[in-house]
Amino acid sequence: MSKQVRVRFAPSPTGPLHIGGVRTALFNYLFAKKHNGVFYLRIEDTDQTRFVPGAEAYIMEALEWLGIAPEETVGKNEKFGPYRQSERKDLYQQYADQLINSGWAYYAFDTPEALDAHRKQHEAEGKTFIYNHHNREKLDTSLVISAEETAKRIANGEHYVIRFKTPVDETLHLKDIIRGDVKFETNLLDDKVLFKSDGMPTYHLANIVDDHLMETSHVIRGEEWLPSMPLHVLLYKAFGWEAPEFAHLPLILKPVGNGKLSKRDGDKMGFPVFPLEWKTEEGVSSGYREKGFFPEAVVNFLALLGWNDGTEKELFSLEELAEAFDLNRVHKAGAKFDPEKNKWFNRQYLITKNNDELAEAFTSILKENGTDFSNIDVSKVVGLIKKDAYFISDFTELSTYFFQAPTSYDEKASKNWKEETPALMQELISVLENIEDFTSVNIETIVKDWLTKNEIGMGKVMQPFRLSLVGALKGPHLFDIVEIIGKEETISRIQKAISSL
C-alpha cells in the first residue's frame with residue numbers, strides 16, 4: 001500500500017451503538033493496526049432531527065471500554081478537524097456548488113406534494129417512481145429552467161435540493177475487497193439528493209467530502225451501504241479525486257434463521273445487542289459490560305463473526321487479532337450470532353484471569369449480599385470454582401457452601417447416608433482432630449491412609465463427607481474445600497450432618 005492507511009468509523013449519534021456497529025469499528029481498528037495506519041472516529045450528525053443526547057458520549061465510552069479507542073476524534077488529535085459533521089457544515093456548500101458548476105448536479109424545486117403525486121400516478125400505472133434520467137428534464141429542475149430563473153427562485157427563498165446528475169447508459173465495474181468485482185447499471189440508479197436548502201448536506205455528499213479531506217484510504221462498512229457504492233465512486237469521479245478502496249462487511253444475522261440481528265431478538269432471547277447499558281424513559285436496555293462480559297471476550301467473539309484466520313484457533317488477544325487480520329478472509333455471507341458461544345468465550349477469559357483480581361470483584365458482591373467471609377481466603381475459593389462459571393456473578397451460587405454450612409441436604413445424595421455412616425463419620429472426626437498440618441494434600445494423605453489401614457471403602461466415607469460439607473455431591477476437590485473452611489468448621493458440619501441425617 002503506497003499511501004498511509006487511514007480508516008474511520010463514522011456512526012450517527014441517534015441512539016446506543018449496536019453490536020453490528022461495534023464489529024465495523026473493530027474491523028477498521030484491526031485493519032489500521034495491521035498496516036501501521038490510523039483509526040479515527042467521525043461523528044456524522046448532519047441529521048439533527050434524529051440526534052439523541054448522550055449518544056455520542058456513549059459511542060466514545062463503548063470504544064474505550066472495548067480497548068479500540070480511535071487515535072483521532074472529537075477533542076483528540078484533531079489533525080483534520082472538526083470531527084463532528086455538524087461543525088463542518090460550512091464546508092459542504094462549496095462542494096455542492098462545484099458539482100453544479102461542473103454539470104454533475106442540478107437544483108430541484110419539486111415540492112413534497114408534487115413528488116407524492118408522481119409516485120401515486122406511477123403506482124396507479126403499476127410502475128415505480130425513480131427520480132433519474134427518465135424524468136429529470138420533465139420535472140421542476142434547473143435542467144429545464146434558465147440560470148436566471150433558477151437564481152431568482154433561490155433568492156426568493158424557495159425550497160430546493162441539489163441532486164446528483166447520474167450518468168446515462170454506463171456500466172460501472174467496481175472492486176470490493178470482500179465481494180470482488182461488482183457491477184452496476186447507471187440507468188437503474190436514482191439521482192440522490194446531495195444538499196438541502198437548509199444548508200445541510202445529506203449523508204452522501206458529507207461522507208465523500210469528509211473521507212477525501214480526512215485522507216481516508218479504505219472505507220470498511222456494513223453490507224447495507226453496498227447500494228451506495230456506485231454513487232460514492234461517481235462522486236469521487238465528479239470531483240476529480242482518487243476514490244478509496246471499499247470493503248463491505250457481511251450482516252450479523254439473528255441466532256435463529258435469516259435476517260439482521262435486532263434489539264428485539266436480544267429482548268426475546270435474553271441477551272444484549274449493545275456494548276453498554278442504555279437508559280431511556282421507556283426503560284433500560286442491557287449491555288455486555290453490565291451483563292458481566294469482559295471486553296476482551298466481546299472483541300474476540302465479534303472478530304470471529306464473519307472472519308477467521310484460516311485455522312481452528314478461537315481465542316485471540318487484541319494484538320493477535322491485529323496481526324492476523326486480513327480483509328480477504330472476511331466472508332461474503334452473513335454471520336449467525338450465537339449467544340451461547342459468546343458466553344463460552346467469556347468463560348475462557350474468566351478462567352485465565354488472576355484469582356486475586358477476580359476475588360476483588362467477588363468480594364464486592366459478597367459485601368453487598370451481607371456474606372461473612374472474614375475467615376475464608378476468597379482468592380482460593382475463586383481459583384476452585386471459576387472453571388464452572390461464565391461470569392463473576394455466577395460465583396455466588398457456586399460458592400455458597402464455603403461461607404455457610406448447608407441448611408438442607410440433597411434428597412438423592414442423602415441415600416448415600418447408610419446405617420453405618422454416623423459411626424464412620426464419628427471416626428473421621430477423630431482422625432481430623434489429630435491433624436496439625438491442615439492443608440489439602442496432608443489431610444487427603446492421612447484420611448486415605450486411615451481408610452486403607454481399616455479396609456474402609458472410599459465411597460462409604462467420601463460421599464457422606466462431601467454431603468456433610470456441601471449439602472450435595474458437587475463442588476471442587478473435597479480436601480481443597482476442607483482446607484479452606486478449616487478444621488473447626490469441617491468438624492462442626494460433620495456433627496450437624498450426623499444429627500440431621
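Phe184 has its side chain out of reach of Pro227: every pair of non-hydrogen atoms, C-beta onward, lies at least 4.5 Å apart. At a threshold of 4.5 Å between non-hydrogen side-chain atoms, the residues Val219 and Asp211 count as touching. Counting only heavy atoms from C-beta outward, the side chains of Met214 and Glu72 never approach each other to under 4.5 Å.
Between Asp480 and Lys380 there is no salt bridge, since no side-chain nitrogen of the basic residue lies less than 4.0 Å from a carboxylate oxygen of the acidic one. Salt-bridge check for Asp190 with Lys192: passed, with a basic side-chain N closer than 4.0 Å to an acidic carboxylate O. Salt bridge status for Lys343 with Glu340: present, with a side-chain N to carboxylate O gap under 4.0 Å. Using a cutoff of 4.0 Å between basic side-chain nitrogens and carboxylate oxygens, Lys3 and Glu215 are not scored as salt-bridged.
Asn132 and Thr166 share no side-chain donor-acceptor pair at under 3.5 Å.
Classification of the Phe301-Phe337 ring pair by plane angle, with boundaries at 30° and 60°, yields perpendicular. Using a 30° and 60° split on the angle between ring planes, Trp104 and Phe164 fall in the parallel class, below 30°.
The heavy-atom pair separating Lys313 from Phe316 by the smallest distance is O-CE1, 3.4 Å. Nearest approach of Glu78 to Thr73, heavy atoms of both residues: CG-O, 3.2 Å.
Screening Trp65, Phe293, Phe274 for a ring-ring contact (aromatic ring centres under 6.0 Å, His included) with Tyr288, the sole residue that qualifies is Phe293.
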N/O donor to acceptor pairs below 3.5 angstrom from side-chain atoms of residues 193-201, sequence neighbours left out:
{"unit_1": "Ser197", "atom_1": "OG", "unit_2": "His159", "atom_2": "ND1", "d": "3.1"}
{"unit_1": "Ser197", "atom_1": "OG", "unit_2": "Tyr160", "atom_2": "O", "d": "3.4"}
{"unit_1": "Asp198", "atom_1": "OD1", "unit_2": "Met200", "atom_2": "N", "d": "2.9"}

Only pairs under 3.5 Å count here: list side-chain donor-acceptor contacts from residues 384-392, not counting sequence neighbours, and write none if there are none.
{"unit_1": "Lys386", "atom_1": "NZ", "unit_2": "Ile351", "atom_2": "O", "d": "2.9"}
{"unit_1": "Lys386", "atom_1": "NZ", "unit_2": "Lys353", "atom_2": "O", "d": "2.8"}
{"unit_1": "Lys386", "atom_1": "NZ", "unit_2": "Asn355", "atom_2": "OD1", "d": "2.8"}

task = Begin from the C-alpha positions of Arg88 and Glu44 and carry the test salt bridge (charged side-chain N to carboxylate O under 4.0 Å, His left out) through to its verdict.
result = CA-CA 10 Å; Arg88 300 169 66 85; Glu44 300 203 335; over 6 Å; no

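Taking the six-membered ring for Trp, His218 and Phe31 have ring centres closer than 6.0 Å.
Distance CG/Leu189 to CD/Glu170: 10.0 Å, rounded to 0.5 Å. Ile19 contributes atom CD1, which lies 9.0 Å from atom CG of Leu305 (distance to the nearest 0.5 angstrom).
Panel note: side chain Ser12, backbone Thr14; no donor-acceptor pair is recorded below 3.5 Å. The main-chain N or O of Thr24 is found under 3.5 Å from a side-chain atom of Asn28 such that the two form a donor-acceptor pair.
Judged by a 6.0 Å distance limit and a 45° cone about the ring axis, Lys127 is not positioned over the six-membered ring of Phe129.
Within the structure, side-chain hydrogen bond (donor to acceptor under 3.5 Å, both in side chains) contacts touching residues 266-279 (residues at least two apart or in different chains) are Lys263-Asp267.
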